[in-house]
Amino acid sequence: MGQYLSGEMAKAAKVNIETLRYYEKHGLLPEPQRSESGYRLYNEETLQRLLFVQNAKRCGFTLKEIKKALVKSAAGSIGIADFVAVIERKMIAIDVEIAKREQTKAMLGQLKGELQAKDKHPGVREVLGILQMDS
């Protein structure tokens, strides 16, 4: 299929029509051609670009980061090594977030254990008293 109307493009990429308009407005997708009656007409290249944006989002990239990559790519100022470096930075950020979440999970586990203990620490008993909870 060479040309897609908005609904066809949205269906092909599994996005909402409003998403198409949003991406156009913010420069993630090029301005589409228009039919004689004013309907937006998208081509296969735009579909591939839209699929790239969706995949990049699933990989954790923000729309701002995706647009930056698209702009640099169009200008020929980004190479594979640059892209790999961005991916590595994203992976490090995810590792940091996982570590924070694991720490929070451990703290919650400790709190749960303290609340369920038969012989509660005096500080825990005091907090339960403030919250008007029976120990």
Side-chain angles (χ1 to χ4, degrees):
M1 186 181 240
Q3 296 277 302
Y4 299 87
L5 295 171
S6 295
E8 295 167 333
M9 175 63 80
K11 185 176 180 180
K14 298 178 183 166
V15 297
N16 187 297
I17 292 175
E18 291 303 315
T19 300
L20 291 175
R21 291 188 187 123
Y22 182 87
Y23 288 175
E24 287 170 28
K25 181 180 176 182
H26 290 86
L28 292 157
L29 295 178
E31 186 74 27
Q33 293 180 348
R34 298 280 182 155
S35 68
E36 289 182 16
S37 53
Y39 292 108
R40 287 177 166 89
L41 295 173
Y42 300 92
N43 58 29
E44 191 68 31
E45 184 178 313
T46 302
L47 174 60
Q48 294 307 313
R49 186 175 176 123
L50 179 56
L51 293 173
F52 165 78
V53 170
Q54 291 301 102
N55 187 51
K57 278 182 56 186
R58 282 191 298 276
C59 288
F61 290 97
T62 65
L63 292 179
K64 184 178 177 180
E65 291 169 328
I66 296 166
K67 182 178 179 182
K68 186 176 179 180
L70 290 169
V71 168
K72 285 187 170 193
S73 173
S77 62
I78 188 171
I80 292 174
D82 300 314
F83 198 54
V84 167
V86 169
I87 291 169
E88 287 174 345
R89 284 194 301 272
K90 182 64 75 175
M91 291 172 68
I92 290 168
I94 289 169
D95 287 339
V96 169
E97 183 64 29
I98 288 170
K100 287 179 184 177
R101 298 248 180 205
E102 287 293 335
Q103 183 179 19
T104 301
K105 183 179 178 182
M107 290 169 51
L108 288 169
Q110 182 179 356
L111 177 59
K112 178 183 171 186
E114 290 172 1
L115 290 171
Q116 292 176 327
K118 292 200 186 289
D119 187 24
K120 292 179 180 42
H121 183 276
V124 173
R125 285 197 305 266
E126 184 179 321
V127 170
L128 290 174
I130 292 169
L131 295 173
Q132 299 178 3
M133 294 181 186
D134 293 332
S135 49

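Heavy-atom basis, side chains included; hydrogens, waters and symmetry copies ignored.
Of all heavy-atom pairs between I17 and A10, the closest is CG1-CB, 3.8 Å. The shortest heavy-atom contact between L47 and A12 is CD1-CB, 4.0 Å. Looking at every heavy atom in both residues, A13 comes nearest to L51 through CA-CD2, 3.9 Å. Between P30 and T46, the shortest heavy-atom distance links the atoms CG-OG1, 3.9 Å. Counting all heavy atoms, side chain and backbone alike, E8 lies closest to L5 at OE1-N, 2.8 Å. Minimum heavy-atom separation, Q3 to N43: NE2-CB, 4.3 Å.
The distance from atom NE2 of H121 to atom CG of L128, rounded to the nearest 0.5 Å, is 12.5 Å.
There is a path of hydrophobic side-chain contacts, each under 4.5 Å, that joins L111 to V127. Residue Y39 is not grouped with residue L29 when hydrophobic side chains (ILVMFWY) are merged at heavy-atom distances under 4.5 angstrom, including chains of intermediate members. A chain of hydrophobic side-chain contacts below 4.5 Å, direct or via other Ile, Leu, Val, Met, Phe, Trp or Tyr residues, connects M133 to V124. Cluster annotation: L131 is connected to L115 through the hydrophobic network of ILVMFWY side chains, with a link wherever side-chain heavy atoms come within less than 4.5 Å.
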Table please: side-chain donor-acceptor pairs of residues 64-77 below 3.5 Å, with sequence neighbours left out.
unit_1, atom_1, unit_2, atom_2, d
E65, OE1, T62, N, 2.8
E65, OE1, T62, OG1, 3.4
E65, OE1, K90, NZ, 2.9
E65, OE2, K90, NZ, 3.3
K67, NZ, H26, O, 3.1
S77, OG, K72, O, 3.3

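Of the possible donor and acceptor atoms, one in the side chain of D82 sits under 3.5 Å from a partner among the backbone N and O of G79. Counting only distance, with no hydrogens or angles, the side chain of R125 and the backbone of K120 share a donor-acceptor pair below 3.5 Å.
Annotation: E126, atom CD; neighbour count of heavy atoms from other residues, nucleotides and ligands within 6.0 Å does not exceed 12. By the neighbour-count criterion of 12 heavy atoms within 6.0 Å, atom CD of Q33 is sparsely surrounded, having that number or fewer from other residues, nucleotides or ligands. In the displayed structure, I80 atom CD1 is contacted under 6.0 Å by at most 12 heavy atoms of other residues, nucleotides or ligands.
For the pair R40/Y4, no side-chain contact is recorded, criterion being any heavy-atom separation below 4.5 Å from C-beta on. Using a 4.5 Å heavy-atom cutoff, the side chains of L28 and F52 are not in contact. Under the 4.5 Å side-chain criterion, counting only non-hydrogen atoms from C-beta, R34 is not in contact with L41. Looking at Y22 and L63, their side chains come closer than 4.5 Å, going by heavy atoms from C-beta outward. Inter-residue side-chain proximity for R101 and K105 is flagged as unmet; no heavy-atom pair is nearer than 4.5 Å.
A side-chain N or O of Y42 and one of E24 form a donor-acceptor pair less than 3.5 Å apart.
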